[in-house]
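Notes follow the structure.
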Amino acid sequence: IPQLLFADAVVQLSGLAKNIAYYLIVSFWSYDGLLHSLGQNPFKNPKYDLQLDVLSLCLFFAVFVGATVLALKLKDKST
């Protein structure tokens, strides 16, 4: 549910909520990228460029893969 609320899909985000979504919520960037693929939308327009959306999703992916590899290496080292 937090992913949906912070994706900027249901309610318009501003202030602290927008900052949290911008830095921590993967769905925020996914939804913004999806808006680019829909073309002109009379209800919502993308907030950022498609390149920034894709770059942010790639960075999330790289950080999570790196954290997973590090956690698995530390787990294997401790046994």
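Computed from heavy atoms alone, side chains included, the values below leave out hydrogens, waters and symmetry copies.
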Between D53 and G33, which heavy-atom pair has the shortest distance, and what is it?
OD2-N, 3.3 Å

Partner residues of Q51 under the side-chain contact (heavy atoms from CB on, under 4.5 Å) criterion, sequence neighbours left out
D49

Linking I/L/V/M/F/W/Y whenever their side-chain heavy atoms sit closer than 4.5 Å, directly or via other members, would L74 and L72 fall into one cluster?
no

Looking only at non-hydrogen atoms, find the nearest pair between H36 and L50 and report the distance.
NE2-N, 3.3 Å

Would you compute the distance between atom CG of L55 and atom CZ of F60 and round it to the nearest 0.5 angstrom?
11.0 Å

Test side-chain contact (heavy atoms from CB on, under 4.5 Å) applied to L52 - qualifying residues, sequence neighbours left out
Y22, W29, Y48, S56

Same cluster (ILVMFWY, side-chain, under 4.5 Å), F61 and L59:
no

side-chain hydrogen bond (donor to acceptor under 3.5 Å, both in side chains) partners of S30, counting only residues at least two apart
none

Same cluster or not: are L57 and V65 linked, directly or through other Ile, Leu, Val, Met, Phe, Trp or Tyr residues, by side-chain heavy atoms under 4.5 angstrom apart?
no

Are F64 and I25 co-members of a hydrophobic cluster defined by side-chain heavy atoms under 4.5 Å apart?
yes

Hey, what do you get for CG (D32) to OG (S27), rounding to the nearest 0.5 Å?
12.0 Å

side-chain contact (heavy atoms from CB on, under 4.5 Å) with V63: which residues, sequence neighbours excluded?
none

